[in-house]
Amino acid sequence: MVRFNPALVVHIICAMDQMISVSSSNKFEGSSRSEVANIANQTAYNVSKLLDNLLQEYDNSLRPDFGGPSLLIEVNMQVRSMGPISEMDMSYIMDCYFRQSWVDKRLSFEGYKDALALSIEMLRKIWKPDTYVYNGKKSYLHTITTPNRFVRLFPNGRVLYSQRLTIRATCIMNLEDFPMDKQRCPLKIGSFGYTADDVSYRWTTGRGVNIASDMKLSQFDLISTPTGNETTYRSKGIYSTLLVSFHLQRHMGDFVIQVYGPCILLVVISWVSFWLNREATSDRISLGITTVLTMTFLGLEARKDLPKVPYPTALDYFVFISFTYIFSTVVQFGVVHYFTKVGSGEYYLDELEDEPCPLAERRKWERKEAWKLSKGMSESSSTAHFSNHMSNNTSGKFNLTNSSATLHSLHNIDHNYLNHHPSAKYFSSMPKKSRNGNGFSAGNISFLDRLPSLENIPSIFTLDRQLSTETEKSEDCTCKRCVTRAMNDSEKALNSVSKIDTVSRIVFPSTYIVINIIYWYMYLDRSERIDLTAED
């Protein structure tokens, strides 16, 4: 006997009810989907019919309101990117969305509240303004993957036409303040064929020119984009145009690193020659020539990306000032070499070994005369003759007129060949009246005034030794051989410093700093004034 289970019966009934409800809902959803599809198909059919009716008697060769007032075209654009901005071509490139809107009452419709987004095929069937860029050089429409443009039609007959363009336009630049300049690059748009009586342009209120928030330029900062309307007069009449000006301020960072910094460092390096002694001719000349050539290359490199304008730029002035200072250091060494080195001084000791030394010849001659004098005094039996002779020479000097011609031939030499030796000051400070070329008169040889009395002379050898010692202490030779030999002596060698170098160490840096202060103050202040004028 089978027992009745009420729970099982309830479960079976619920399952059967659920199956019935699911089947009924599936039938309802299928019917609703088919109804939506039918409505969509009906709407598309109605829109197609609507457009066909609108274009049935439409003439796209005539502007809206033909024969009536001028048609107002509202324009706005969104700039996505700018650059590069070329000084060589005087042009700039930008990528933007260019939108135009106008009312064509022939395209107004009823029965559909929303705007109609139409394909680009519709553009071929309706009238469009012939807008172009007055200062454009080479612009194009993006066509990847399809032509980037669309059209929307509103119930009141307003048409919105948008397209993505890359515009390359002319920008006449004034580079007098380069690279601290501010440029104004205009964009002028208008109708190519319709005059102001047929078509007039106006920027969309509050939406004239928009800049993308993430847009950045490599060399410039975009300061402002003022817009305005302009009337252009051409041979065929008056035309309505729109004007937007992109105010750009140049970045200086790259030029400080590439030009200004190296120029200043080269000038400072050229001043190192002021601390080199003037005998280091090759070192100073090589340093000067190297800096001059480097500065020349740097100046040419700085103008490589600039057009050949007929006026100098701010960068040209700075490069020229720096080049002038570097060139002046080379000229300064020439002045030092000319005015502080009497003669060239480039003598070699081996070449001067056969050169007679006037002072050595004079000392030799004095010793010979002293020998003769001592020998004559020892053989004489009377001192009267010697006393008379001494009275005739009250100054204690012998009149050796017979040897004057010989001495004159030995010592009549041009001695403009001092080479900055420690003794050079002594040589140059010797009285001119007491020497002839080498410090003594040709006709009067004074040596007895430095000798003791004859009673104190024990022998001729003592006289010779004393005379030689006193003469060497009182006089130094200035002939080529002796001066060159002294210069080659490491114990007597001296790195001399010119007074011109000492003055140049102060004059060159101080004047360069003053000129730099004037330069930067003048151009930076001028840039600020231009910026304030642009804002006004």
Side-chain angles (χ1 to χ4, degrees), residues 79 81-94 135 137 167-188 211 215-226 243-268 291-327 512-536:
V79 180
S81 63
M82 288 190 69
I85 300 173
S86 175
E87 292 84 7
M88 292 293 294
D89 299 333
M90 294 287 183
S91 64
Y92 68 97
I93 300 175
M94 70 174 184
N135 59 327
K137 297 183 70 174
I167 300 174
R168 183 177 182 182
T170 302
C171 179
I172 304 301
M173 301 181 185
N174 184 5
L175 299 174
E176 290 182 356
D177 297 333
F178 178 87
M180 293 166 281
D181 56 333
K182 290 181 173 63
Q183 301 297 336
R184 300 178 184 179
C185 294
L187 183 67
K188 188 176 181 181
I211 306 298
M215 190 189 78
K216 291 184 179 180
L217 286 77
S218 59
Q219 294 188 17
F220 292 88
D221 282 330
L222 184 60
I223 302 173
S224 61
T225 56
L243 183 66
V244 56
S245 182
F246 299 97
H247 291 184
L248 305 170
Q249 182 178 6
R250 193 183 302 273
H251 294 157
M252 281 195 60
D254 179 69
F255 296 95
V256 171
I257 297 173
Q258 298 291 337
V259 181
Y260 284 102
C263 285
I264 294 174
L265 292 178
L266 283 174
V267 173
V268 174
T291 52
V292 166
L293 294 178
T294 306
M295 193 66 218
T296 303
F297 172 77
L298 191 63
L300 295 176
E301 188 70 16
R303 287 197 60 90
K304 182 179 66 175
D305 297 330
L306 291 179
K308 296 180 180 179
V309 291
Y311 49 83
T313 64
L315 186 64
D316 293 335
Y317 282 121
F318 190 86
V319 172
F320 180 76
I321 291 171
S322 301
F323 184 85
T324 302
Y325 269 84
I326 293 175
F327 183 76
Y512 189 69
I513 292 173
V514 170
I515 291 176
N516 268 270
I517 293 174
I518 296 174
Y519 173 87
W520 291 106
Y521 175 79
M522 181 176 65
Y523 280 103
L524 292 179
D525 181 67
R526 183 175 178 180
S527 298
E528 291 178 359
R529 285 188 278 108
I530 292 175
D531 191 15
L532 293 175
T533 304
E535 291 179 357
D536 294 340

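Remember, predicted model here, so these are calculated numbers, not experimental data. Counting begins at 1 with the first residue of the sequence.
The closest donor-acceptor contact from the side chain of Q183 to the backbone of N174 lies under 3.5 Å. Side-chain N or O atoms of Y325 include none that pairs as donor or acceptor with a backbone N or O of V268 at under 3.5 Å. Of the possible polar contacts, one joining the N135 side chain to the K188 backbone as a donor-acceptor pair under 3.5 Å is found.
Going from atom CD1 of I321 over to atom CG of N516 covers 7.5 Å, rounded to the nearest 0.5 Å. In this structure, CE in M173 is found 6.0 Å from CD1 in I85, a value given to the nearest 0.5 Å. Note that the NE2 atom of H251 and the CG atom of L217 stand 7.5 Å from one another [nearest 0.5 Å]. Taken to the nearest 0.5 Å, the CZ atom of R303 stands 9.5 Å off from the NZ atom of K308. The structure places CG of L315 at 10.5 Å from CG of D181, a figure rounded to the nearest 0.5 Å. I515 contributes atom CD1, which lies 7.0 Å from atom CD1 of I518 (distance to the nearest 0.5 angstrom).
Residues forming a side chain to side chain donor-acceptor pair (under 3.5 Å) with K304 (at least two apart in sequence, or on another chain): E301. By the side chain to side chain donor-acceptor pair (under 3.5 Å) test, S245 pairs with H247, sequence neighbours left out. Under the side chain to side chain donor-acceptor pair (under 3.5 Å) criterion, S322 pairs with Y512, not counting sequence neighbours. For Y317, the side chain to side chain donor-acceptor pair (under 3.5 Å) test picks out no residue, with sequence neighbours left out. With sequence neighbours left out, K137 forms a side chain to side chain contact (heavy atoms under 4.5 Å, CB included) with D89, S91, R168, T170. Not counting sequence neighbours, the partners of F255 by the ring-ring contact (aromatic ring centres under 6.0 Å, His included) test are F178.
Listed here is the closest heavy atom pair of M295 and C263: CE-SG, 3.0 Å. Pairing each heavy atom of V79 with each of M215, the nearest pair is CG1-SD, 3.9 Å. Looking at every heavy atom in both residues, P307 comes nearest to M90 through CG-CE, 4.0 Å.
More than 12 heavy atoms of other shown residues, nucleotides or ligands fall within 6.0 angstrom of atom OH in Y311. Annotation: Y519, atom OH; neighbour count of heavy atoms from other residues, nucleotides and ligands within 6.0 Å is above 12.
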- Task: Show your reasoning for whether side chain to side chain contact (heavy atoms under 4.5 Å, CB included) applies to L298 and L266.
- Result: CA-CA 10 Å; L298 191 63; L266 283 174; 4.2 Å; yes
- Apply the test side chain to side chain contact (heavy atoms under 4.5 Å, CB included) to residues K182 and L248: give CA-CA distance (whole Å), side-chain angles for both, the deciding distance (0.1 Å), then the verdict. CA-CA 6 Å; K182 290 181 173 63; L248 305 170; over 6 Å; no
- Message: Applying side chain to side chain contact (heavy atoms under 4.5 Å, CB included) to L187 and L243, what does each step give before you reach the verdict?
- Response: CA-CA 6 Å; L187 183 67; L243 183 66; over 6 Å; no
- Kindly indicate, with the supporting measurements, whether the criterion side chain to side chain contact (heavy atoms under 4.5 Å, CB included) is fulfilled by F246 and M82. CA-CA 10 Å; F246 299 97; M82 288 190 69; 4.1 Å; yes
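Relative orientation of the F323 and F327 rings is parallel, given thresholds of 30° and 60° on the angle between their planes.
No side-chain heavy atom of F320 sits less than 4.5 Å from a side-chain heavy atom of P312.
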